[in-house]
Amino acid sequence: MAGTIVLVHGRHLKPPRNELRKHWVEALRFGIQRDHPEKLEAFDKAAIEFVYFGDISNAFLKKVVGPPSPDDITDRKATLAALKQYRRNQFNKAQYKKLPGYNPWMESLADLFAGPAHFFGLSQPVIELVAPDVAHYWQSNRFGSEVRAVLTKSLIKVMRRPGDICLIAHSLGTMMSYDVLWKFSHYSEYRNEIWNRPVKLWITLGCPLGDETVKQNLKGADLSPLDRYPHNIQNWLNIAAQDDYVSHDQKISNDFRQMKQLGFVDSIRDRRIYNLAVRFGESNPHHSIGFLIHPAVANAVAGWL
């Protein structure tokens, strides 16, 4: 029986829903076709639920960073077209270092100062500066509630259907997914519903959940271990890109090892990749399409299919 792939986009300004959905599905499908053509028919039979909250986050971001570039959609198309030119075995360090604007310093600085910055109370101001929508997510009850409501509605609809669930979330979408799955595990209005069932595979891309400040702002963070974590994830694959400062702590398995020890998840695996996306002429290792088209994602989705 065909399952459902749930796609949750991430932070920063977004194009209209239909444009973004088209790019996400096209990138994911191309990776399957390139690396696992025998799974393409199964992929095409799977239902796809695209969770879009860009209208909500754009309203906030336009006040903070201004409107998106008028060339944004054109550049997204060019990025995807360029990524389609790489063969499976070319997603490597050598190709990555050839990209225009290659700069490893942002992630290195984030790694170096993440611990001390958190200790001295500087981490949150830094996050507010480089990722204002991430900070706004936990600072504004209204914003957080509104974007979680979008995902909550979609996941309930998906869980009512038969078939396995593969949840793929990027950046801020990983925080939203974690919080909603936690709510489904612990809130009385969800946890006893007959439709409430585990997600078979959760793939996190460009995920900031290893950051100490982010962890402290997750749902359940201040509770005992039994109540701290979601209980409805079977397998968790975290894919982080070299030099992506948003996911500078690229190992999730150590941060959430208690989930496995307590039997709340069957597996938590980390995978580091090279994201070959180029946006507006410069390397962008956090870009979602560079993750979705990568062989690591294609392999994971093919295995789920």
Side-chain angles (χ1 to χ4, degrees), residues 6-12 51 53 57 106-107 110-111 113-115 117-118 123-124 126-128 130-139 144 147-148 151 155 166-186 198-199 201-223 225 227-262 264-273 275 285-286 288 291 296-297 300:
V6 182
L7 304 175
V8 189
H9 69 77
R11 60 171 301 270
H12 207 48
V51 180
F53 59 94
S57 56
M106 284 295 285
E107 188 204 0
D111 285 338
F113 292 111
H118 179 76
S123 185
Q124 182 147 325
V126 171
I127 292 173
E128 290 174 6
V130 300
D133 40 357
V134 172
H136 190 55
Y137 173 76
W138 65 65
Q139 290 172 344
V147 297
R148 282 192 299 272
L151 176 55
L155 272 184
C166 174
L167 173 60
I168 305 176
H170 177 242
S171 191
L172 175 57
T174 67
M175 295 170 60
M176 292 167 50
S177 299
Y178 183 97
D179 284 346
V180 170
L181 291 171
W182 184 89
K183 287 171 60 178
F184 281 11
S185 299
H186 298 285
V199 169
L201 176 61
W202 185 30
I203 304 175
T204 51
L205 311 172
C207 173
L209 295 181
D211 181 89
E212 292 301 319
T213 298
V214 171
K215 282 194 295 183
Q216 285 192 359
N217 285 279
L218 294 173
K219 295 289 186 185
D222 56 348
L223 301 179
D227 297 321
R228 184 178 303 158
Y229 306 107
H231 298 179
N232 46 9
I233 303 164
Q234 288 188 22
N235 300 285
W236 181 355
L237 172 62
N238 179 59
I239 300 178
Q242 182 74 24
D243 302 324
D244 179 4
Y245 68 90
V246 175
S247 58
H248 64 88
D249 184 340
Q250 304 199 341
K251 286 193 70 175
I252 293 299
S253 54
N254 58 347
D255 295 280
F256 295 89
R257 59 182 176 273
Q258 277 192 323
M259 284 182 66
K260 189 158 190 312
Q261 293 167 353
L262 293 168
F264 299 152
V265 63
D266 292 342
S267 67
I268 305 177
R269 294 177 293 134
D270 293 294
R271 173 78 188 274
R272 178 176 287 207
I273 67 165
N275 185 331
H286 187 63
S288 58
F291 281 105
V297 174

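Under the side chain to side chain donor-acceptor pair (under 3.5 Å) rule, Ser171 has a single partner from Arg11, His12, His286, which is His286. Tested against Val147, the residues His136, Met176, Met175 include a single side-chain contact (heavy atoms from CB on, under 4.5 Å) partner, Met176.
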Tell me, with the steps shown, if Asp244 and Asn275 meet side-chain contact (heavy atoms from CB on, under 4.5 Å).
CA-CA 9 Å; Asp244 179 4; Asn275 185 331; over 6 Å; no

Residue pair Val6, Val199: steps toward the side-chain contact (heavy atoms from CB on, under 4.5 Å) verdict:
CA-CA 10 Å; Val6 182; Val199 169; over 6 Å; no

Audit row: His9, Val51, side-chain contact (heavy atoms from CB on, under 4.5 Å) steps and yes/no:
CA-CA 7 Å; His9 69 77; Val51 180; over 6 Å; no

Verdict with reasoning, Trp138 to Thr213, per side-chain contact (heavy atoms from CB on, under 4.5 Å)
CA-CA 11 Å; Trp138 65 65; Thr213 298; 3.9 Å; yes

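Atoms CG and OH, on Leu181 and Tyr229 in that order, are 15.5 Å from each other to the nearest 0.5 Å. Distance check: Leu167 CG to Leu201 CG gives 8.5 Å after rounding to the nearest 0.5 Å. Taking CE of Met259 as the start and OG of Ser267 as the end, the distance is 10.5 Å to the nearest 0.5 Å. The distance from atom CD1 of Ile168 to atom CD1 of Ile203, rounded to the nearest 0.5 Å, is 4.5 Å. With rounding to the nearest 0.5 Å, the separation of CD1 in Ile252 from CD1 in Ile239 is 12.0 Å. Taken to the nearest 0.5 Å, the CZ atom of Arg271 stands 13.5 Å off from the OG1 atom of Thr204.
Under the 4.5 Å side-chain criterion, counting only non-hydrogen atoms from C-beta, Phe291 is in contact with Ile273. At least one side-chain heavy atom of Thr174 sits under 4.5 Å from a side-chain heavy atom of Pro208.
The six-membered or imidazole ring of His231 lies away from that of Phe184, with a centre-to-centre distance of 6.0 Å or more. Checked against the 6.0 Å centroid threshold, Phe256 and Tyr178 count as a close aromatic pair.
Within the 3.5 Å criterion, the main-chain N or O of Leu223 finds a donor-acceptor partner in the side chain of Arg228. In terms of modelled atom types and a separation under 3.5 Å, the side chain of Asp266 and the main chain of Asn235 share no donor-acceptor contact. For Trp182 (side chain) and Asp227 (main-chain N/O), a donor-acceptor pair under 3.5 Å exists by modelled atom type.
Residues passing the side-chain contact (heavy atoms from CB on, under 4.5 Å) test with Asp255, sequence neighbours excluded: Glu212, Lys215, Asp249.
The shortest heavy-atom contact between Asn238 and Cys207 is OD1-CB, 3.3 Å.
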